[in-house]
Amino acid sequence: MRSALFLTVAVALSACNQPSPANTVTEVELQGSCEALVSAETGVRPDDVSAISTQIQPSGSVTTLSVAGAQALWLCRADPFGVITGVEYSQEG
């Protein structure tokens with residue numbers, strides 16, 4: 001009986017950790033937000049920043065972006081709900 005109760009509670013609590021569809025953003029929305037943020041960070045026109053790919057994992061996502069004139073790619077990280085947690089240039093310097 002005790003293990004059945006534990007299993008029920010564990011399953012119920014694990015559901016709390018999963019983002020609900022109503023609270024997540026689409027890949028297109030995420031890429032658009034990342035493009036806008038990198039544009040603002042670099043001072044480059046929005047038309048000169050473009051998302052190349054987005055890797056989505058349970059812990060969050062990483063969008064890779066190309067910026068006109070940059071020698072390397074930019075990275076945009078977001079949490080599982082699509083909230084951007086930071087952008088960074090992928091090359092030192």
Side-chain angles (χ1 to χ4, degrees):
M1 180 69 169
R2 182 179 265 181
S3 34
L5 178 61
F6 175 77
L7 181 60
T8 303
V9 170
V11 169
L13 289 176
S14 70
C16 294
N17 293 330
Q18 302 299 319
S20 69
N23 292 337
T24 58
V25 296
T26 67
E27 186 174 324
V28 172
E29 292 171 324
L30 181 60
Q31 289 179 345
S33 295
C34 285
E35 288 171 347
L37 189 55
V38 169
S39 173
E41 181 78 18
T42 60
V44 173
R45 292 179 331 121
D47 291 343
D48 291 333
V49 178
S50 60
I52 297 173
S53 67
T54 299
Q55 295 178 329
I56 299 175
Q57 300 174 350
S59 60
S61 64
V62 177
T63 299
T64 305
L65 302 108
S66 171
V67 177
Q71 294 179 357
L73 299 172
W74 278 77
L75 304 175
C76 177
R77 300 182 192 284
D79 70 12
F81 298 101
V83 176
I84 297 174
T85 58
V87 296
E88 63 185 76
Y89 190 55
S90 65
Q91 183 176 328
E92 288 186 28

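FYI, side chains are in, hydrogens and waters are out, and symmetry mates aren't considered; it's all heavy atoms of this structure.
- In this structure, the side chain of T85 does not engage the main chain of D79 through any donor-acceptor pair within 3.5 Å.
- Put simply, the side chain of W74 reaches to within 4.5 Å of the side chain of T42, judged on heavy atoms.
- Side-chain heavy atoms closer than 4.5 Å link hydrophobic residues (I, L, V, M, F, W, Y) into clusters, and following such links, possibly through other members, connects V25 to V87.
- The two atoms that bring L65 and V49 nearest to each other are CD2-CG1, 4.0 Å, heavy atoms only.
- Side-chain atoms of T64 and L75, non-hydrogen and from C-beta on, do get closer than 4.5 Å to each other.
- Side-chain contact between S50 and E35 is present, with heavy atoms from C-beta onward closer than 4.5 Å.
- Taking each heavy atom of Y89 and A72 in turn, the nearest pair found is OH-N, 3.0 Å.
- Taking CD from E41 and SG from C34, the interatomic distance works out to 12.0 Å, rounded to the nearest 0.5 Å.
- For the atom pair CD1 (I84) and OG (S61), the distance works out to 8.5 Å, reported to the nearest 0.5 Å.
- Remark: Q31 CD to S53 OG distance equals 8.0 Å, nearest 0.5 Å.
- For the pair L73/S66, a side-chain contact is recorded, criterion being any heavy-atom separation below 4.5 Å from C-beta on.
- Taking both residues in full, the closest heavy atoms of P58 and P80 are given as O-CG, 3.3 Å, listed atom of the first, atom of the second, then distance.
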